[in-house]
Amino acid sequence: MDLNNLLTFMAVATLLVISPGPNGFLIAKTVPNSGRKAGFANIWGFVVAFYVQGTLSILGISVILSKSSQAFFIFKMLGATYLVWIGLKAIANAFQGSSIEPDVKPNSNKASSLRVSFLEGLMTNVLNPKVSMFYLAAFPQFIPNTES
């Protein structure tokens with residue numbers, strides 16, 4: 001890969017990372033409610049999901065989703081249902097407690113909280129069809145053509 005392709009790839013990847021989406025909203029919900037460590041657990045879930053999506057793209061499963069409108073619709077509805085569930089959970093928690101302070105207790109079960117935060121981050125990205133569509137649209141541009 002030459003320098004021009006590398007810089008272009010870095011620009012595209014940077015735009016992907018800084019663009020707002022469900023990840024930002026999940027972090028904005030998690031950190032005030034569960035603390036900074038839970039936010040980092042969300043981020044690790046995102047990272048693992050990116051690798052899952054990348055692997056699925058390499059294996060061609062993302063191509064099936066992009067070619068089959070019914071499969072893509074089902075996948076999209078699963079993702080939307082999960083995001084609605086997270087939103088409803090956040091609304092219910094907001095009505096239960098009126099405290100602005102983070103809900104982090106010194107004796108709380110941190111492992112369970114971190115595990116839940118990791119899984120929320122993972123599921124938010126694994127069920128996000130835009131990630132796999134991005135991989136299919138953007139990454140092939142950076143694969144060198146081996147045909148001469």
Side-chain angles (χ1 to χ4, degrees), residues 1 5-105 107-144:
M1 182 180 285
N5 280 343
L6 181 63
L7 292 174
T8 305
F9 176 78
M10 287 172 50
V12 169
T14 300
L15 289 174
L16 173 68
V17 169
I18 66 172
S19 63
N23 297 348
F25 291 114
L26 183 60
I27 293 290
K29 174 202 79 91
T30 301
V31 172
N33 291 330
S34 302
R36 190 172 41 172
K37 286 185 180 180
F40 280 113
N42 280 155
I43 292 170
W44 280 109
F46 301 156
V47 170
V48 170
F50 288 143
Y51 280 104
V52 169
Q53 289 280 14
T55 303
L56 293 176
S57 294
I58 290 169
L59 296 176
I61 295 175
S62 294
V63 174
I64 293 170
L65 286 176
S66 67
K67 298 294 181 189
S68 169
S69 60
Q70 186 176 14
F72 180 72
F73 178 77
I74 290 169
F75 191 70
K76 188 168 56 171
M77 289 299 109
L78 283 171
T81 302
Y82 179 69
L83 291 175
V84 167
W85 178 71
I86 288 176
L88 291 174
K89 220 169 67 168
I91 290 171
N93 287 341
F95 282 119
Q96 287 176 356
S98 60
S99 172
I100 297 176
E101 295 297 317
D103 190 24
V104 180
K105 298 174 186 85
N107 296 328
S108 66
N109 187 355
K110 295 275 187 190
S112 174
S113 175
L114 294 178
R115 185 177 23 241
V116 168
S117 295
F118 173 82
L119 289 173
E120 282 180 339
L122 178 73
M123 295 305 292
T124 298
N125 271 340
V126 165
L127 294 176
N128 186 354
K130 289 182 182 179
V131 176
S132 60
M133 294 304 119
F134 175 80
Y135 283 156
L136 286 175
F139 288 156
Q141 307 301 318
F142 303 104
I143 297 174

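Numbering of residues begins at 1 and proceeds along the displayed sequence. Computed from a predicted model, the values in this text were never measured in an experiment.
The NZ atom of Lys37 lies 12.5 Å from the OG atom of Ser117; values are rounded to the nearest 0.5 Å. Note that CG of Leu122 and CG of Leu127 are 8.5 Å apart. Values are rounded to the nearest 0.5 Å. Atom CD1 of Ile27 is separated from atom CZ of Phe40 by 8.5 Å, given to the nearest 0.5 angstrom.
Residues meeting the ring-ring contact (aromatic ring centres under 6.0 Å, His included) test with Trp44, sequence neighbours left out: none. Scanning for side chain to side chain donor-acceptor pair (under 3.5 Å) contacts around Thr30 gives Asn42, with sequence neighbours left out. Legend: residues meeting side-chain contact (heavy atoms from CB on, under 4.5 Å) with Phe50, ordered by chain and number and at least two apart, are Asn23, Phe46, Asn125, Val131, Tyr135.
Of all heavy-atom pairs between Thr124 and Pro22, the closest is CG2-CB, 3.6 Å.
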